[in-house]
Undergrad: 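Below are the structure tokens for one structure; questions will follow.
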Amino acid sequence: MTIPFFPSIKSICCIGAGYVGGPTMAVIADRCPHIEVTVVDLNEARIAAWNDSDLNQLPVYEPGLDAVISRARGRNLYFSTSVQKSIAAADMVFISVNTPTKTKGIGAGQASDLRWVEACARQVAQSAKGHTFVVEKSTLPVRTAATIKSILDAPQKHCDGAGTSPTFSVLSNPEFLAEGTAIKDLENPDRVLIGGEDAESIEALADVYSNWVPPNKILRTNVWSSELSKLTANAFLAQRISSINSVAALCEATGADVREVALAIGADSRLGPKFLNAGPGFGGSCFQKDILNLVYLCHHFGLPEVASYWEQVVKLNDWQKNRISRLLVHKLYGTVTGKKIAIFGFAFKADTNDTRESPSIRIALNLIEEGAKLAIHDPKADVQQISLELQTPRQETTAGFGPEGSWDYVDDVVDAVKGADAVLILTEWDQYRTLDWCHIATLMRAPAWVFDTRSVADSLKVKEAGLNLWRLGEGED
Ligand code: UDX
Ligand code: ADP
């Protein structure tokens, strides 16, 4: 297709006001005051929360997001449920909707469920006017752009105001932001990746980013390379975590310390020091989903050996979560039935309220299954979200003790530890670094344990308080 010359982008619509769409558009609006940015979502409550004058009510918790929103919202950043109207007004539409792993049908447990992406493509095909750039922002299986394009290019029953059918260019522009550091990652990205079919379309999007991203950080590839790069980047990162977690288990068995090993191997400039923190297993909406997607693709393209190589990264992650709950039961004399256990941290990592695929979910469910009474504390993840993840209602009791095999949510760590046999730290929130272990020890039932999967507790102070300490990746004294 020959694309006519396009003026620079003046109006952007983003479909999906989630963890990716919301912060990404907020930063684009902040850095490009000349572009009108509208984020649309079918979820009215979510849009209302994005419009709330109380910035503590934003649906996504991200350090620095409130400041960006307060600068841009109402100036050139809008949140709306008027999907069709916003698409019609836009030169460029970002698709940033959820793409979870399919739970049934073909590819169940591996392939991404693309029903929301397809619905978006149909909405865009129906409502767009003139030439519209359609940008894939959600992480998608390789070759999804072709699906989107074929829906967009199918003859529509409407034509735009000028009496002509709309035309489309599809671009892939995967998001590499990590939650908790999203604003920093967006404002100062390692790279921006744009995959496209033709140079003019790629430049239209590159022009938006060039308002704040240095030219050498804007990478241009074909669409398929861009889609595959996102899956591969996440697969490599997740692989690194499974690798260090596997070594953590070996450290515990041999008397080595995984933090020392990580320091030593990370000093090699070919490996680098980042992403070597052993923990309870990776969580979040991307890693598992993207690897499973990769596995599905490999099978699809007749590469079973490559598929099983990557699948092992997820298997090791599952093993790590189960190993932690098993170990805790073992240390508590082989049974946790009727015992109170304080869970510190439910978000999949610190500085986010996101609980999707959090390792805390599997570990909590295992302990509930064993009959434990969990008192869950998290500074940001809310009780409704935890309830949804655990699929069992909270058992609220004034004393903080529910029946066997139950969970309760507590606002205060002190309430969580009262009468507990163990504290299990699962998220590396800063506030768990400075806990008063002496005071906590007086409230727990002796002999009491601290299980620290993130190495955040002050180990000397825990031991001085007379508590037993188990740290992930550290051999026994
Ligand atoms: C990830 C990618 O980093 C990002 O580029 C992509 O766009 C989306 O997926 P995110 O899931 O937000 O981002 O968080 P990330 O910081 O990558 O952490 C993922 C999981 O790995 C978390 O559960 C975290 O606790 C765990 N992790 C990370 C470790 O256990 N150890 C580490 O050293 C780093
Ligand atoms: P992510 O982490 O990728 O941002 P989220 O689940 O947080 O994913 O957000 C995706 C958002 O997309 C949800 O708020 C959902 O309501 C919205 N969404 C899904 N399909 C559509 C659609 N067809 N039109 C508008 N919004 C949609």
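Both ligands and their constituent atoms are indexed starting at 1 by order of listing. If you read the sequence from its start, that first residue is 1, and numbering goes on from there.
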Undergrad: For the backbone of Leu193 and the side chain of Asn173, can you confirm whether one donor and one acceptor N or O come within less than 3.5 Å of each other?
TA: yes

Undergrad: If you have a sec, work out which protein heavy atom is nearest atom 26 (N) of ligand 2 and how many Å separate them, to one decimal?
TA: Leu42 N, 3.4 Å

Undergrad: Do Val423 and Trp437 have side-chain heavy atoms sitting under 4.5 Å apart?
TA: yes

Undergrad: Indicate, with yes or no, if the rings of Tyr78 and Trp50 have centres closer together than 6.0 Å.
TA: no

Undergrad: For Gly18, counting its heavy atoms only, list the atoms of ligand 2 lying under 4.0 Å from any of them.
TA: 4 (O), 5 (P), 7 (O), 9 (O)

Undergrad: Return yes if some donor-acceptor pair links the side-chain N/O of Glu175 with the main-chain N/O of Leu177 below 3.5 Å, else return no.
TA: yes

Undergrad: Any chance you could lay out the ring pair (Phe, Tyr, Trp, His ring centres under 6.0 Å) test for Phe346 and Trp407, step after step, and finish with the verdict?
TA: CA-CA 12 Å; Phe346 203 84; Trp407 67 277; 7.6 Å; no

Undergrad: Can you find an N or O of Val20 that's nearer than 3.5 Å to an N or O of ligand 2?
TA: yes

Undergrad: Is Asn51 reaching over with its side chain to a backbone N or O of Phe79, donor-acceptor style, under 3.5 angstrom?
TA: yes

Undergrad: Considering only non-hydrogen protein atoms, determine which one is nearest to atom 9 (O) of ligand 1 and report residue, atom name and distance to 0.1 Å.
TA: Cys286 CB, 3.4 Å

Undergrad: Is the backbone N or O of Phe282 less than 3.5 Å from a side-chain atom of Asn317, with the two atoms forming a donor-acceptor pair by type?
TA: yes

Undergrad: Just need the protein heavy atom nearest to atom 23 (N) of ligand 2, so name the residue and atom and give the distance.
TA: Gln123 OE1, 3.2 Å

Undergrad: Which one holds for Asn245 and ligand 1: side chain close, backbone close, both close, or neither close, with close meaning a heavy atom under 4.0 Å?
TA: neither

Undergrad: Suppose I only count heavy atoms of Leu276 and a 4.0 Å limit; which atoms of ligand 1 are within that range?
TA: 33 (O)

Undergrad: Have a look at Val60, Val97, Asn98 and point out the one with the heavy atom closest to atom 6 (O) of ligand 2.
TA: Asn98

Undergrad: Looking at atom 28 (C) of ligand 1, what's its closest protein heavy atom, distance included?
TA: Ile241 CD1, 3.5 Å

Undergrad: Considering only the protein, which heavy-atom contact is closest to atom 16 (O) of ligand 2, and what is its distance?
TA: Asp41 OD1, 2.6 Å

Undergrad: What do the steps show when you test Leu472 against Arg323 for side-chain contact (heavy atoms from CB on, under 4.5 Å), and what is the final call?
TA: CA-CA 11 Å; Leu472 190 134; Arg323 166 174 109 79; 4.2 Å; yes

Undergrad: Among all protein heavy atoms, pick out the one at the shortest distance from atom 1 (C) of ligand 1; state its residue, atom name and that distance to 0.1 Å.
TA: Phe287 CE2, 3.4 Å

Undergrad: Judged by non-hydrogen atoms, does Lys137 sit under 4.0 Å from ligand 2?
TA: no

Undergrad: Is a side-chain N or O of Asn76 found less than 3.5 angstrom from the main chain of Cys32, in a donor-acceptor match?
TA: yes

Undergrad: Is it the case that the side chains of Thr355 and Glu389 hold a donor-acceptor pair, with the cut-off being a distance below 3.5 Å and no angle test?
TA: yes

Undergrad: Could you tell me the residue and atom name of the protein heavy atom closest to atom 12 (O) of ligand 1, and the distance to it rounded to 0.1 Å?
TA: Glu179 N, 2.6 Å

Undergrad: My understanding is that only one of Leu114, Asn98, Thr144, Val97 makes a side chain to side chain contact (heavy atoms under 4.5 Å, CB included) with Ser138; could you say which?
TA: Val97

Undergrad: Using heavy-atom distances, let me know which of Asp190, Asn317, Leu237, Asn277 sits nearest atom 3 (O) of ligand 1.
TA: Leu237

Undergrad: What residue and atom, counting heavy atoms only, is the protein's closest point to atom 7 (O) of ligand 1, and at what distance?
TA: Leu177 O, 2.8 Å

Undergrad: Specify side chain, backbone, both or neither for Asn234, according to which of its non-hydrogen atoms lie closer than 4.0 Å to ligand 1.
TA: side chain

Undergrad: Test salt bridge (charged side-chain N to carboxylate O under 4.0 Å, His left out) on Lys380 and Glu62; report intermediate values, then the result.
TA: CA-CA 10 Å; Lys380 290 290 173 192; Glu62 273 298 335; over 6 Å; no

Undergrad: Do the charged groups of Arg259 and Glu474 touch, with an N to O distance under 4.0 Å?
TA: yes

Undergrad: Who's the nearest protein heavy-atom neighbour of atom 5 (O) of ligand 1, and how far?
TA: Phe176 O, 2.7 Å

Undergrad: Nearest to atom 22 (C) of ligand 1, what protein heavy atom do you find, and at what distance?
TA: Phe348 CD1, 3.5 Å

Undergrad: Geometry only, no angles: is Tyr19 polar-contacting ligand 2 at N/O separations under 3.5 Å?
TA: yes

Undergrad: Give a yes or no on whether the backbone of Gly16 and the side-chain of Arg46 come within a donor-acceptor separation of less than 3.5 Å.
TA: no

Undergrad: Just which atoms of ligand 2 are under 4.0 Å from any heavy atom in Trp116?
TA: 19 (C), 20 (N)

Undergrad: Taking the six-membered ring for Trp, are Phe451 and Trp470 parallel (under 30°), tilted (30 to 60°) or perpendicular (over 60°)?
TA: tilted

Undergrad: Closer than 4.0 Å to some heavy atom of Arg46 - which atoms of ligand 2 meet that?
TA: 5 (P), 7 (O), 9 (O), 11 (C), 13 (C), 14 (O)

Undergrad: Say whether Gly283, considering both its backbone and side-chain N or O atoms, lies within less than 3.5 Å of an N or O atom on ligand 1.
TA: yes

Undergrad: Evaluate Lys349 for polar contact with ligand 1, using N/O atom pairs at a separation under 3.5 Å.
TA: yes

Undergrad: Is ligand 1 under 4.0 Å from a heavy atom in the side chain of Arg454, in the backbone, in both, or in neither?
TA: side chain

Undergrad: Give a yes/no verdict on whether any heavy atom in Lys230 is under 4.0 Å from an atom of ligand 1.
TA: yes

Undergrad: Could you go through the salt bridge (charged side-chain N to carboxylate O under 4.0 Å, His left out) check for Asp30 and Arg71 one step at a time?
TA: CA-CA 7 Å; Asp30 191 32; Arg71 280 197 296 272; 2.8 Å; yes

Undergrad: Given that the side chain starts at C-beta and the backbone is N, CA, C, O, which of these parts of Glu175 lies under 4.0 Å from ligand 1, counting heavy atoms, or is it both or neither?
TA: backbone

Undergrad: Among all protein heavy atoms, pick the one closest to atom 2 (O) of ligand 2 and tell me residue, atom and distance.
TA: Arg356 NH2, 2.9 Å

